[in-house]
Amino acid sequence: MSDPREPPDPLFSPALEHKTLLWLVVGFTFAFLWVLWPLAGAVLWAMFLAIVFFPMHQYMRRRVVRRRSNLAAFLTLLSIVLMVILPLSLVSASVVEQASVLYQSIKSGQLQPAQWLQRMMDALPDWAQSILARFGLFDLPAVLQRAGELLTRSSQAITSSLVGIGQVTLDFVVSFFIMLYVLFFLLRDGSSLTASIERAVPLRPEQTHKLLSQFVTVVRATVKGNVVVAVIQGALGALAFWVLDIPGPALWGALMAVLSLLPAVGAALVWGPVAVYQLFTGHLLEGLGLVAWGVLVIGLVDNLLRPMLVGRDTRMPDYLVLVATVGGISLFGLNGFVIGPVIAALFLVCWKLLTDVREEAPASAVLPAGAKDGEPPA
């Protein structure tokens, strides 16, 4: 304890102390995020899953294990593994197997994409062939060679990526167990962590609560909504491809599920070209059936379920959800389908809070000294 008789330090001031502490907090926060960056995916998905399944943890804690937090967190974690991670692993193994078989079929010549393109271009009407000729695309051998090489390289890249995901590598194992470890403690200590954040953020309690509530709402709606839509659209697409006897239905269904993260147009990027090929090669019934299935069934899932599960809870317009999702995926990869909408939602909330503060401010706070309401400043 300092002696009150000692003279005050001339270099000390509360404002300087506050600024120094603020810069230290900002600096070490960025340093901590830098340290976590190699494991950002594992930590992010632990946080996302904790937010989505926290109501289950609360139910376990209150009704099943009678407020034993450790046991409730373990049971919730076990449920996540059995309901989400294990089925996803089995589907991934099937997709990897079909991707490998498809690539080997293309490499051996059993499947020839160049011949498919040849048949499609031969079936085009004269006016379409004239348009291709104007753009220098009527040189069939050269076009087919380039298209075949592109398809071969693309299939090889996709297959290599899927096989890499399916392989049990050391990095994957480490990230997976770190995710489960962090998820356990986020479930167990989620309430206390939220309370600590609310006390630490230098905002009014109601503002901090609104920010955190919107963050949780957007994460929960985006993860649940996009995952549900992706699974349903991928399953419906795989079913259609299986009925049409198209090689690798699980592979194409998984690709549709991933692309369905792009609202409105995602799954059509897969079933659309297949339907066009069926139509141009004389399989009119199959082509029209696939178009009808894609528009009326797969598209209906996207148009009905996505606004219900994502847009309604986040209270964001559809165009903003689309732009934020595409931008997030382009910057952060697969994690961006959650990060993008979250950033967009928090952007809107921050501007709304600023607007509310400005509207709540008394008129005297914005008038110059000596001026009165309704009078211009001197």
Side-chain angles (χ1 to χ4, degrees), residues 32-33 36 39-92 172-201 205-232 261 305-306 308-315 332 334-343 345-346 349:
F32 181 65
L33 293 176
L36 290 182
L39 298 171
V43 175
L44 280 174
W45 277 105
M47 182 174 61
F48 296 158
L49 290 174
I51 290 173
V52 172
F53 288 93
F54 193 72
M56 177 188 291
H57 168 71
Q58 290 181 311
Y59 177 82
M60 292 280 190
R61 185 171 177 268
R62 293 172 182 173
R63 301 292 182 88
V64 179
V65 296
R66 297 182 180 179
R67 300 187 180 279
R68 297 171 62 182
S69 297
N70 286 323
L71 183 56
F74 174 77
L75 292 177
T76 306
L77 186 64
L78 183 62
S79 301
I80 294 172
V81 172
L82 295 177
M83 293 189 306
V84 178
I85 297 176
L86 183 59
L88 185 61
S89 301
L90 296 176
V91 172
S92 299
F172 174 80
V173 172
V174 171
S175 298
F176 177 74
F177 281 102
I178 287 178
M179 183 196 72
L180 294 181
Y181 185 78
V182 174
L183 176 57
F184 173 83
F185 287 100
L186 289 178
L187 290 170
R188 192 192 69 175
D189 304 328
S191 299
S192 59
L193 287 173
T194 303
S196 300
I197 294 173
E198 289 182 348
R199 291 194 302 268
V201 175
E206 61 271 16
Q207 294 175 335
T208 305
H209 179 73
K210 188 171 183 179
L211 276 174
L212 293 178
S213 298
Q214 185 69 4
F215 173 76
V216 170
T217 299
V218 173
V219 169
R220 190 170 292 161
T222 304
V223 173
K224 288 194 303 183
N226 284 341
V227 169
V228 169
V229 171
V231 170
I232 294 177
L261 298 176
L305 284 184
R306 194 184 298 275
M308 292 173 56
L309 297 175
V310 180
R312 183 183 63 184
D313 289 341
T314 58
R315 297 179 180 88
F332 303 104
L334 190 60
N335 299 327
F337 86 89
V338 181
I339 299 176
V342 167
I343 293 176
L346 294 181
V349 172

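Side chains of F48 and I339 form a contact here, defined as non-hydrogen atoms less than 4.5 Å apart. The side-chain heavy atoms of F53 and M83, taken from C-beta on, include a pair separated by under 4.5 Å. At least one side-chain heavy atom of F215 sits under 4.5 Å from a side-chain heavy atom of I51. Counting heavy atoms from C-beta outward, P205 and R199 have side chains that stay 4.5 Å or more apart. Between V81 and L180 the shortest side-chain heavy-atom distance falls below 4.5 Å.
Note: F54 and H57 have tilted aromatic rings, judged against thresholds of 30 and 60 degrees for the angle between ring planes.
Annotation: the span from E198 atom CD to L211 atom CG amounts to 10.5 Å, rounded to 0.5 Å. With values rounded to the nearest 0.5 angstrom, M179 atom CE is found 12.5 Å from L39 atom CG. Between I197 atom CD1 and T208 atom OG1 the span is 10.0 Å, to the nearest 0.5 Å. Remark: M56 CE to L75 CG distance equals 10.5 Å, nearest 0.5 Å.
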Would N70 and F184 satisfy side chain to side chain contact (heavy atoms under 4.5 Å, CB included), going step by step from the backbone distance to the final call?
CA-CA 8 Å; N70 286 323; F184 173 83; 3.9 Å; yes
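Separation of the Y181 and F185 ring centroids falls under the 6.0 Å cut-off.
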